[in-house]
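Below: the structure, in structure tokens.
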Amino acid sequence: MPHLYLVDGSGYIFRAYHRLPPLTNVHGEPVGAVYGYTTMLWKLADELHKADGPTHMAVILDKSSHTFRNELYDKYKAQRPPPPEDLVPQFPMIRDATRAFSLPCIETEGLEADDIIACYAKAALAQGWLVTIVSSDKDLMQLIEPGLDMYDTMNNRRLGAEHVQEKFGVGPERLGDVLALMGDSVDNVPGVTGVGPKTASKLINEHGDLEGVLAAAPSMKPGKLRDNLIEQADMARLSRVLVELKCDVPLPEPLDDLELKGIPEAPLRAFLAHHGFKSLLAKLSAVADTPVEVPVSTVPQEEDPPCDHDGYETVVDEAALDRWITIAKHQGWVAIDTETTGVDATRAELVGVSMALHPNLACYIPLAHGGTDMFAEVPVQIDRTTALAKLKTLFEDPSVLKIGHNLKYDMIVLGRAGLDVAPFDDTILMSFDLDAGLHGHGMDELAATHLSHSCIAFKDVVGTGKNQRGFAEIDLKTATRYAAEDADVTLRFWRRFKPRLPAEQVTRVYEMVDRPLVPVIAQMERHGIKVDAAKLAQLSTEFAHQMGALEVEIHALAGGAFTIGSPKQLGDVLFERMGIKGGRKGKSGVYSTDVNELERIAADKDSPGKDIARKVLDWRQLSKLKSTYTDALQAQINPATGRVHTSYSLTGAQTGRLSSTDPNLQNIPIRTEVGRQIRDAFVAEEGNVLLAADYSQIELRLAAHMADVPALRDAFARGDDIHSLTAQELFGEVNRDTRGRAKTINFAILYGISRWGLAGRLDVTAEEAQAMIDRYFERFPGINNYIVQTIETVREKGCTTTLFGRKTHFPRIRSKIQHERQGAERAAINAPIQGTSADIIKRAMARMGPALIEAGLPNVRMLLQVHDELVFELPEGDVEAARPVIERVMATAAEPAVMLSVPLGIEIGTGKSWGTAH
DNA sequence: GAAGTCACG
DNA sequence: GACGTACGTGACTTCG
């Protein structure tokens, strides 16, 4: 049978307030009444499991003080003192508490909570339901009847008709008359002077009801009582109306909507954590099945309040830090962020740590503020070693999920300070896996997109230019506002992204490809790679000499000095001053002088510019190598480690590839002999060697699998040279020329072919190019179908998908501008192939460490990734043992999630330097 | 900060 | 009839 519990929230708050000490929460807000109220709801939640427990429940609150009773009697409740100052802010929190329990909360303008309760009670009883009113309000006792009782959670007792009889001497049905005679000094119900509960019940029992009493008054024995009853008859009648519960309004919410559907844990947990109600949190943890996996989808997201920077706490004593850590451990998750002295994680020093537990419940723990100015006053903060030891227990606690935005950075910084971070979620990866191609994934951009919030700009905190200060020099108040906001915002991202992962089918790529990679990349960045600074310096000098000589010759040929490095000046010199024909101007009106143009001129025996073009090309190559590699790389050596530590971005490339910056170690020269020398400057430590392992033709293999091309699949299975095979199929013979053309066509297919593009590359007409493409499609059936299918899918869904479920979005696929649309189509053809390749090598990287450990090779260190290549450093003696392990991990990286119909070929080389390892 | 150029897969 | 021509990156130089 349905059983409706109606909770008299308003009545409860006042009782709880007076019964409990003036408790405050972690923010210093008074929460005594809220705590009492919360424990009351907790008790009710326990009732849920009982046989006659609630099936329906609602909390009823007073909305406003002005009701119809004030219209009847202007003094009604007029004498009530205003609620105590420290109770007022708790009223809205009561609503939060109710929401935390996922209970409906009902309040209606112009009606007191008692009236609404009466309405619901009557309606439920009429349907044959059981009703329990959670209150000890005497007015509500009028409602007691068979099927309706009251429950006082403070005394843990049920109240029925016999309780009313005992306390007021009458049954519930006559209670209104008694209350009218008694009056109520608190509510200012007048009643009749001199009549209290005893007299009232006696009179009602003698005369039946109020009207009976008033009618009998003149015949009573003379005295004060008789006179008062006669004189105050109207007041008594008014009182009768005032105490009557009014239930003639429609129900604000239908009864059926009050059905209990369980109490989701997440919002409750968040609420308890927000206020720091530790004992209840502990109880919750005791009954929780999985403390880390949280159904955050039930968290009310729309209702996150705006960031309250002044509400963040600066944690400067151990007790406060303990408190935050305890709550984080109880809650089971915490958003974290680190503040440091710089952007390079392998050099930056830790300055502070921020944490967030709930929107607006965030703190900053300064660790090294005070700046470098030894005369400046150092603010009070927890001893760094002590604080880090405490934080270590939290960050390494396997039952507490750490949430970060680009956690790789924090992992490196914290790792250098001796702290691991696990388990973790990374909101930058979540955003990338959900929305790659739609927008960037930096905190500021995401905050604007998802939270309509503009984060405090870092430069507004530390300044710019020569006035820029280190974060350690920032005052704690400002630092807290900035740092805690980052953790707060990160937590808000997580609450939004986490439920989207399964809903949008990207959990697999997040959990199986990207997330496991974070600690792996962090470790690679920390390792860095040794470079031979002397060798680079020597190359720089050589290049400078050669450039100087070329510069003189170029100026002589040009008939005067100019800046060779300026495309504008060079274009004018070549095409205006020297009168070379065939100059093409770009949209900015500058002649193109790129490598294609210069090669064209240099190849033309009759051109007056062929010598200068050749020399400029040589000069450019040297200039590029010197400035980008030999000079820059020397400057990038970390003095502490003597090695170069790149930074990999996991969210930089739309297709899921990594990218490398500061320095970019994914574009170290290899294609020319001059450039190759730079690879020789990347070396192994004494007694070690470098091992380079790369996937051979991985993208073509994946194309063969994904487009299901039997001829290509078979060729890979046999181990044939794929470009020769293509040459044979397309041109009927294999020689250097046809193989080269075939290679170009193979790549063109992967990149989304156009007849003009291919024509330009092969130096043939568009018609001839088209004929080759047609023949390719004919010889390799499946390719054309793959292209058509991919474009169709991306037009329909707006995104492509890799074999592992990685999405890349192409909003421009619906552009009205043709070339944007076509560009998106070409990118969409390439993305599943390039992306799947990226997924596979990422999986290999994540599995590599454990596989090497298992093979007893803990000294093999993975240093670099270059899209289809992994570079390791290992003791010379480990090479033979490591080789098969590395090969196996790479070759089987797709499995078992994806079983490919082509083998993945791996080529491995070793050497003292990266150059010789190839 | 944009544009041009060029290093890599 | 104009447009622009292969996918994905990052770093450096010049110049306004």
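Here is the naming used below: chain letters follow the sequence lines, and residue numbers restart at 1 for every chain.
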Could you tell me whether the phosphate oxygens of C:dG10, OP1 or OP2, come under 4.0 Å of any side-chain nitrogen or oxygen in A:Ser659? yes
Quick one: the side chain of A:Arg671 and the base of B:dA7, do they pair up donor-acceptor inside 3.5 Å? no
Nucleotide C:dT13, atom P - distance to NZ of A:Lys568 in whole Å: 20 Å
For the side chain of A:Gln621, counting heavy atoms from C-beta on, which of C:dG8, B:dA7, C:dA11 is nearest? B:dA7
So A:Ala838, base contact, sugar-phosphate only, or nothing? Heavy-atom distance under 4.0 Å. nothing
Quick check for you: among B:dT5, B:dA7, C:dA6, whose closest atom lies nearest to any side-chain atom of A:Pro567? B:dT5
Can you name the residues that form a side chain to side chain contact (heavy atoms under 4.5 Å, CB included) with A:Ala838, not counting sequence neighbours? A:Arg657
Could you check which of B:dC8, C:dG8, C:dT5 has an atom nearest any side-chain atom of A:Arg679? B:dC8
Which residues, if any, of residues 768-800 of chain A bring a heavy atom under 4.0 Å of DNA chain C? none
Which nucleotide in B:dC8, C:dC15, C:dC3 has an atom nearest any side-chain atom of A:Ile670: B:dC8
Watson-Crick and G-U pairing of DNA chain C, under 3.5 Å, as dot-bracket with | and [ ]: ......|||||||||.
State which of C:dC15, C:dC12, C:dC7 makes the closest approach to the side chain of A:Gln569. C:dC15
